Student: 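Let me begin by handing over the structure; questions about it come next.
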Amino acid sequence: MTSVLTGELATELATIAAMTELYCRVHHHPTDKLCDDCRALIAYAETRLDRCPYGHSKPACRHCPIHCYKPEPKASIQQIMRYSGPRMLLRHPLLALRHLRRERRPFPTQPPHNQSQRYLRAQADDKAKTTAGIAATEHDNH
């Protein structure tokens, strides 16, 4: 898992990955690794988290007014969470408690403008390119 997520979004992805691993071991019987379907589901969740318009102020998906998952992955994630949720307190207590805290946190009804992780990363890349271009121009002029 090569994540571009930071902060609470990275923690949310870690929680989804841990829940998926618990589910996959019991229901898909892989030896040491996740099955291809579960790996693809985690990658899909990473993409959705990266593009979440709420960014780091993202609410728990259950309470979010924007449903960004397609129906099939959404059903899979719900099934995984129903199975793994109660087991997370024993296997990954810190992740479980953070997730429960996030579910209780209030959130804005409208997403803040341009706060997705993907947008902020693109802005930072553009700024870095502009700064590098200015530095190269100044170097050429001297």
Side-chain angles (χ1 to χ4, degrees), residues 1-140:
M1 185 169 46
T2 59
S3 182
V4 295
L5 302 175
T6 60
E8 290 190 28
L9 294 176
T11 303
E12 180 126 352
L13 180 63
T15 303
I16 291 170
M19 289 178 134
T20 305
E21 288 171 18
L22 285 173
Y23 181 86
C24 188
R25 280 191 198 134
V26 172
H27 292 88
H28 301 153
H29 308 290
T31 52
D32 291 335
K33 299 181 179 180
L34 291 171
C35 69
D36 292 339
D37 290 340
C38 288
R39 256 194 312 273
L41 188 62
I42 292 171
Y44 180 77
E46 180 180 17
T47 301
R48 302 311 329 160
L49 285 170
D50 186 40
R51 296 177 182 179
C52 179
Y54 283 96
H56 287 279
S57 62
K58 179 191 168 315
C61 291
R62 178 191 306 187
H63 304 298
C64 187
I66 301 171
H67 299 290
C68 58
Y69 278 55
K70 292 180 180 175
E72 185 179 318
K74 182 178 179 178
S76 296
I77 286 286
Q78 286 174 336
Q79 186 176 11
I80 287 170
M81 287 187 171
R82 263 188 236 112
Y83 173 80
S84 300
R87 292 160 180 82
M88 284 290 287
L89 281 171
L90 295 174
R91 301 278 172 92
H92 302 281
L94 213 57
L95 289 174
L97 291 173
R98 285 179 179 163
H99 184 71
L100 290 172
R101 185 188 74 205
R102 180 180 284 259
E103 279 193 342
R104 299 199 187 319
R105 185 179 354 168
F107 60 91
T109 54
Q110 288 290 326
H113 186 64
N114 294 332
Q115 289 301 304
S116 75
Q117 175 98 15
R118 180 181 186 204
Y119 178 82
L120 295 175
R121 193 174 53 256
Q123 291 296 98
D125 289 346
D126 289 347
K127 186 176 181 180
K129 287 176 186 176
T130 302
T131 304
I134 291 171
T137 304
E138 288 175 0
H139 183 272
D140 291 343

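Model, not experiment: these values are computed from the prediction.
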Student: Under the side-chain contact (heavy atoms from CB on, under 4.5 Å) test against Met19, which residue among Met88, His92, Arg91 passes?
Tutor: Met88
Student: Where is the tightest heavy-atom contact between Thr20 and Cys38, given as atom of each residue plus distance?
Tutor: CG2-CB, 3.5 Å
Student: Nearest 0.5 angstrom please: Cys35 SG to His27 NE2, how far?
Tutor: 11.5 Å
Student: Among residues at least two apart in sequence or on other chains, which ones pass side chain to side chain contact (heavy atoms under 4.5 Å, CB included) with Leu89?
Tutor: Ala96, Leu97
Student: Just verifying a value: how many Å separate Thr15 OG1 and Glu8 CD, rounded to the nearest 0.5 Å?
Tutor: 10.5 Å
Student: To the nearest 0.5 Å, tell me how far Glu12 CD sits from Glu46 CD.
Tutor: 12.5 Å
Student: Give every donor-acceptor pair under 3.5 Å between a side-chain atom in residues 75-82 and any protein atom, sequence neighbours left out.
Tutor:
| from | atom 1 | to | atom 2 | distance (Å) |
| --- | --- | --- | --- | --- |
| Ser76 | OG | Glu72 | O | 3.2 |
| Gln79 | NE2 | Tyr23 | OH | 3.1 |

Student: Residues two or more places apart in sequence or in another chain: which of them pass ring-ring contact (aromatic ring centres under 6.0 Å, His included) with Tyr69?
Tutor: Tyr44
Student: Check Leu22 against Tyr83 and note the closest heavy-atom contact, atom names and distance.
Tutor: O-CE2, 3.9 Å
Student: What closest approach, in Å, do Ala17 and Ile42 show between heavy atoms, and which atom pair accounts for it?
Tutor: CA-CD1, 3.8 Å
